[in-house]
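Here the structure comes first, spelled out in structure tokens, and everything after it is commentary.
A note on names: the letters A, B, ... follow the listed sequences, proteins ahead of strands, and every chain is numbered from 1. Values below: every heavy atom of this structure, side chains too, minus hydrogens, waters and symmetry copies.
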Amino acid sequence: MPVSLKAVAQAIGARLHGVDDIEDALVLEGVAPLDRANARQLGFMAHDRYLPALAHTQAAAVILDARHLKACPVPALVCANPHLAFARAAALLHPDPSPEPGVHASAVVSPLAMIHPSVSIGPQCVVAADVQLAAGVVLGPGCILGEGVHIGEDTRLLARVTVGAGVRIGRRGLLHPGSVIGSEGFGFARDGEAWIRVPQLGTVMIGDDVEVGANTTIDRGALEDTVIEDGVKLDNLIQVGHNVHIGAHSALAGCVGIAGSARIGRHCAIGGGAGIAGHLEITDGVTVTGMTMVSRSITEPGVYSSGVPFAPAREWNRNLAHLRRLDRLARRVGSLEAHLSPRGGADDPVAESTTQAKESQLGRDEHT
Amino acid sequence: MPVSLKAVAQAIGARLHGVDDIEDALVLEGVAPLDRANARQLGFMAHDRYLPALAHTQAAAVILDARHLKACPVPALVCANPHLAFARAAALLHPDPSPEPGVHASAVVSPLAMIHPSVSIGPQCVVAADVQLAAGVVLGPGCILGEGVHIGEDTRLLARVTVGAGVRIGRRGLLHPGSVIGSEGFGFARDGEAWIRVPQLGTVMIGDDVEVGANTTIDRGALEDTVIEDGVKLDNLIQVGHNVHIGAHSALAGCVGIAGSARIGRHCAIGGGAGIAGHLEITDGVTVTGMTMVSRSITEPGVYSSGVPFAPAREWNRNLAHLRRLDRLARRVGSLEAHLSPRGGADDPVAESTTQAKESQLGRDEHT
Amino acid sequence: MPVSLKAVAQAIGARLHGVDDIEDALVLEGVAPLDRANARQLGFMAHDRYLPALAHTQAAAVILDARHLKACPVPALVCANPHLAFARAAALLHPDPSPEPGVHASAVVSPLAMIHPSVSIGPQCVVAADVQLAAGVVLGPGCILGEGVHIGEDTRLLARVTVGAGVRIGRRGLLHPGSVIGSEGFGFARDGEAWIRVPQLGTVMIGDDVEVGANTTIDRGALEDTVIEDGVKLDNLIQVGHNVHIGAHSALAGCVGIAGSARIGRHCAIGGGAGIAGHLEITDGVTVTGMTMVSRSITEPGVYSSGVPFAPAREWNRNLAHLRRLDRLARRVGSLEAHLSPRGGADDPVAESTTQAKESQLGRDEHT
């Protein structure tokens with residue numbers, strides 16, 4: 001969608017630099033990387049490593065912060081947060097497609113569903129009784145909505161999203177293909193050698209501005225509800241167990257698994273492939289790095305890790321062999337210390353480390 | 001579904017306590033958490049931590065075991081396993097919806113499929129030739145069944161389940177949205193620099209009372225079949241490779257990956273995010289904790305782990321630096337021992353640990 | 001599909017041994033495991049552990065290499081690479097089903113799509129405007145293709161595959177059920193406490209002979225494209241982030257996660273459950289073993305690992321307690337060395353390991 005440079009600057013709250021009367025009238029047709037943008041496209045500069053690209057860019061204009069202004073050979077849109085400004089400019093120049101309102105002839109929609117006239121329902125959708133779809137909702141092809149699902153204004157289900165009975169989704173949400181919201185939780189009671197299913201009677205409550213990635217699954221609660229607060233962003237292939245609660249504006253990368261009844265705070269960032277055990281609580285403002293195992297509650301904001309970076313296999317295997325005997329190695333060190341300690345004094349580092357060995361002993365117990 | 005308190009007690013095999021003539025006639029309308037249940041709802045008490053909630057509950061009655069009876073201010077249903085009794089009561093009071101028998105007009109069903117009159121086939125389903133659906137089978141919206149699929153009595157495919165040609169599924173199964181049964185296994189032969197697909201000619205055989213979670217995938221066998229025995233419970237986003245065999249009543253939590261030809265025994269419990277390598281065997285009664293890597297066979301029942309719990313990132317990184325040099329650290333300890341051993345005697349702990357260092361050397365080889 | 005033994009031998013480039021005039025006329029009806037093959041079926045022998053099965057096989061003939069020829073009691077097809085020959089013979093005897101050309105009545109196909117007459121489009125498919133489907137393309141039931149998707153000759157989408165707008169897929173590809181190609185990448189800019197979506201304007205370019213596993217997701221690029229080169233094989237439940245580039249003939253096992261803008265070289269093999277961080281590069285010919293975390297670039301071909309094999313939980317927990325205090329253990333060793341070093345000389349192993357301790361200090365920094 002063509003928009004004038006001036007209008008873009010205004011919309012993203014940037015100051016225009018290096019623009020004469022002709023350029024002021026420039027119409028932008030899209031965004032592009034610095035090194036590929038043409039004279040109708042807008043570039044952006046978010047990191048010093050793009051300085052060489054900036055020097056040779058042929059973009060119509062570049063979004064950047066003030067300290068890169070001097071290096072910019074073309075008109076500049078100067079702002080404090082170029083990444084955010086770029087996100088807004090790109091959304092303006094490349095608006096999401098807005099399909100025609102109406103229900104495709106191949107969709108199967110219950111006469112008991114309440115559907116705002118501005119809603120678009122794509123081919124092969126299935127909408128059950130008592131579903132409520134607010135203004136501007138878009139269901140792409142192949143979406144399936146169970147009984148009593150409510151979806152707020154301007155939320156879009158891109159394609160082939162399945163939403164179970166009773167689930168509520170807020171406004172301006174974006175649900176990617178293959179995601180499943182409101183599948184049954186994994187709850188069983190032992191009956192001798194068999195497992196008996198515990199009916200999963202809760203639902204899923206999703207706030208405003210939530211994104212759910214492709215093939216991500218969110219289970220309904222067992223008795224209470226699974227809750228995803230406003231502004232949460234879930235990447236692809238994430239598993240959210242029953243009764244999980246995710247606080248506002250937390251972002252979770254791909255392949256994260258969250259077991260039942262875990263509570264994640266607000267403004268958390270969970271790295272790809274991390275695993276979060278059930279029935280624990282992560283406080284607000286926690287960052288968990290990729291492939292970390294969160295096996296107990298985290299009560300202080302901060303960064304937490306347990307991912308192990310790769311090494312050449314031969315080297316790693318040597319270290320592994322020792323890791324599997326670390327208890328013995330520690331005891332060997334203890335033996336050495338005992339051997340030497342008669343000669344040590346009160347402030348002997350060896351004596352001190354014997355104390356540490358005892359603490360270590362305690363540390364061991366907390367894991368057993 | 002309203003059921004009398006008396007009937008519930010009978011159905012779950014519980015003794016009624018503290019019930020006068022009026023309460024005996026009570027009709028229950030559902031289950032709810034202790035702290036939210038109203039005078040028509042049934043609560044349950046599975047753990048001492050709910051004692052405060054029990055004290056103030058307004059539930060019609062509470063399922064509990066005998067030792068909590070005194071603390072219960074309302075009628076009680078006393079039984080040995082409250083969790084199991086609750087599962088049964090909840091199933092009685094909240095029965096699964098049973099859609100009308102019949103084939104939805106939008107479904108595409110082969111005239112060569114054999115479908116019991118009690119079967120319900122939802123909108124947008126596709127049922128190929130030679131499919132056999134037994135009494136009480138329910139296909140929710142958007143399910144796709146390939147040629148020759150057989151499904152046993154009362155099995156339900158909730159929505160958008162894909163079942164490949166020739167797959168057989170037993171009775172009373174429950175398959176969640178997005179699951180894929182009978183996808184092709186990942187089998188290739190090298191041809192110079194390219195990979196040539198090995199046709200996957202087996203199928204998937206699933207027993208009775210099996211659950212398959214949302215977006216879980218189960219590959220067909222290469223030459224023989226992939227087998228899931230009776231009572232197995234698979235959570236969401238699990239990958240089951242070709243020729244895998246999972247023994248009866250094993251339960252696998254979300255995000256587990258099982259490589260081809262692994263055999264998992266009966267009554268195993270596999271924690272979330274665990275990875276199981278191919279061509280190995282796990283015996284009956286094994287518990288694998290979350291995020292553990294099973295890289296060789298397990299021949300003894302018991303609990304096995306390799307997940308690493310998180311630490312603050314700064315602390316973890318310090319430890320990691322040493323983990324990556326553990327071989328050197330062990331050699332430094334060896335040097336210290338060698339330095340001291342001339343002074344040691346036959347039963348010197350330092351000499352003993354030198355022997356351990358040699359064993360450790362062997363341990364290293366088994367990993368190379 | 002019945003094929004004569006002679007024709008099979010010719011097609012796979014094998015020499016026939018032990019065949020008289022009658023056997024030469026033998027017609028094969030399929031392949032089977034050595035111990036189950038009947039007189040119309042072809043077996044194969046890829047490993048010494050099948051020698052007992054070979055001795056008793058009743059197969060019509062067996063594919064094997066020359067060194068197993070003597071042990072073969074039935075006619076043999078001798079070749080250098082029995083696994084590859086078997087893959088070819090199996091494909092010949094069990095050809096993929098080729099559905100009738102044409103568009104199923106229940107499919108919704110844009111009149112603006114360009115579809116070769118030989119294409120087969122199954123029930124419940126949705127094909128948007130400007131889609132181009134080349135000769136021999138097969139869309140199984142429930143596939144959804146967005147605007148402007150191009151698919152090359154003989155590529156098959158088995159069922160319920162979702163392909164986003166603008167995605168291009170090469171020839172002879174195989175896409176398994178539930179896979180999602182061209183979902184939006186996970187890109188957000190911070191706006192105070194909220195996340196603002198960065199429009200994802202690139203697409204996905206997939207080469208020839210690529211396989212995509214069930215429920216695998218491949219995100220479109222942010223500004224440039226996500227690229228999957230020729231011959232790449234992706235197993236089930238893999239996440240490929242935006243702007244990722246995977247080089248030709250690389251194979252990735254199930255449950256791998258690849259963060260945005262990672263580049264994987266040609267002929268790489270990535271084990272199941274491995275995690276690959278964003279903005280890094282893995283050179284050609286790299287093998288990453290299962291559950292390994294690739295957190296920085298790999299510049300040399302070879303095998304890399306960080307997966308930790310299981311141990312009995314009690315033993316593992318003991319080692320874990322020490323792992324969490326490894327820094328202290330190393331300092332204890334350092335103290336012992338300092339205690340002893342006054343007595344050591346220039347070539348004292350203890351002095352040398354003090355140097356190593358300093359290197360270790362550096363190693364620590366690179367992780368902070």
The interface call for C:Thr292 against chain A, heavy-atom contacts under 4.5 Å, is both

Bottom line for A:Leu252: the part with an atom under 4.5 Å from chain C's heavy atoms is backbone

Rounded to the nearest 0.5 angstrom, the OG1-CG distance for C:Thr162 and A:Leu158 is 10.0 Å

Cut-off 4.5 Å, heavy atoms of chain A, and the answer for C:Ser179 is backbone

- For the residue pair A:Phe310 and C:Ser305, establish whether any side-chain heavy-atom pair is separated by less than 4.5 Å. no

**Request:** Kindly say whether C:Gln239 contributes a backbone atom to a donor-acceptor pair with the side chain of A:Asn236 at under 3.5 angstrom?
**Result:** no

Test side-chain contact (heavy atoms from CB on, under 4.5 Å), reference A:Pro141, set C:Val108, C:Leu145, C:Val126, output is C:Val126

Distance col, row A:Leu237:CG vs C:Asn215:CG, nearest 0.5 angstrom, shows 7.5 Å

In short, C:Asn319 meets A:Arg325 closest at the heavy-atom pair OD1-C, 4.0 Å

d(A:Phe86 CZ, C:Leu223 CG) to nearest 0.5 Å is 4.5 Å

Value for OG (C:Ser335) from CG (A:Leu336), rounded to nearest 0.5 Å, stands at 12.0 Å

So the salt bridge (Lys or Arg N to Asp or Glu O under 4.0 Å) pairs with at least one residue in residues 216-226 of chain C (sequence neighbours excluded) are A:Arg36-C:Glu224

Most contact-rich option vs chain A, by heavy-atom pairs under 4.5 angstrom, among C:Thr289, C:Val308, C:Val333, is C:Val308

If one checks every heavy atom of A:Ala32 against chain C at 4.5 Å, the contacting part turns out to be backbone

Practice prompt. Please confirm whether the backbone N or O of A:His249 pairs with a side-chain atom of C:Trp195, one donor and one acceptor, at under 3.5 Å?
Written response: yes

Under 4.5 Å to a heavy atom of chain C? For A:Glu315 that would be neither

Interface check, chain C: of A:Ala214, A:Ser106, A:Ala159, A:Cys255, most non-hydrogen pairs under 4.5 Å belong to A:Ala214

Under the criterion side-chain hydrogen bond (donor to acceptor under 3.5 Å, both in side chains), I'd like the reasoning laid out for C:Glu184 against A:His176: C-alpha separation, chi angles, the key distance, then a yes or no.
CA-CA 8 Å; C:Glu184 283 191 23; A:His176 291 276; 4.5 Å; no

Most contact-rich option vs chain C, by heavy-atom pairs under 4.5 angstrom, among A:Asp230, A:Leu234, A:Val31, is A:Leu234

Okay, C:Leu323 and chain A: the region with an atom under 4.5 Å from a heavy atom over there is both

Turns out that what part of A:Asp209 lies under 4.5 Å from chain C's heavy atoms comes down to neither

Looking only at C:Ser306, C:Ala189, C:Ala313, the option with the highest number of non-hydrogen pairs under 4.5 Å against chain A is C:Ser306

The interface call for A:Leu84 against chain C, heavy-atom contacts under 4.5 Å, is both

Check whether C:Ser295 reaches the backbone of A:Pro309 with its side chain - one donor and one acceptor, N or O, closer than 3.5 Å. no

Most heavy-atom pairs under 4.5 Å with chain A, out of C:Thr216, C:Val288, C:Leu326, C:Ile298, belong to C:Ile298

inquiry  = I'd like to know whether A:Arg160 forms a side chain to side chain contact (heavy atoms under 4.5 Å, CB included) with C:Ile144, so could you lay out the CA-CA distance, the side-chain angles of the two residues, the decisive distance to 0.1 Å, and finally the verdict.
reply    = CA-CA 8 Å; A:Arg160 214 158 52 77; C:Ile144 296 172; 4.1 Å; yes

(message) Could you tell me if the side chain of C:Asp191 sits less than 4.5 Å from the side chain of A:Asn81, heavy atoms only?
(response) no

Scored by heavy-atom pairs under 4.5 Å with chain A, the best of C:Ile196, C:Leu201, C:Ile238 is C:Leu201

Applying a strict 4.5 Å limit to non-hydrogen atoms, the region of C:Ala222 in contact with chain A is neither

Under 4.5 Å to a heavy atom of chain A? For C:Ile258 that would be neither

Rounded to the nearest 0.5 Å, the NE2 atom of C:His322 sits from the CG atom of A:Leu329 at a distance of 9.0 Å

Highest number of heavy-atom pairs under 4.5 Å with chain A among C:Gly164, C:Ala311, C:Gly178 belongs to C:Gly178

Worksheet entry | A:Trp316 side chain to C:Gly307 backbone, donor-acceptor under 3.5 Å | yes

Scored by heavy-atom pairs under 4.5 Å with chain C, the best of A:Arg266, A:His94, A:Gln124 is A:Gln124

Comparing A:Gly30, A:Pro33, A:Gly272, A:Ala105 against chain C, the one with the most heavy-atom pairs below 4.5 Å turns out to be A:Pro33

Under 4.5 Å to a heavy atom of chain A? For C:Ala194 that would be both

Rounded to the nearest 0.5 angstrom, the CZ-CZ distance for A:Arg172 and C:Arg197 is 13.0 Å

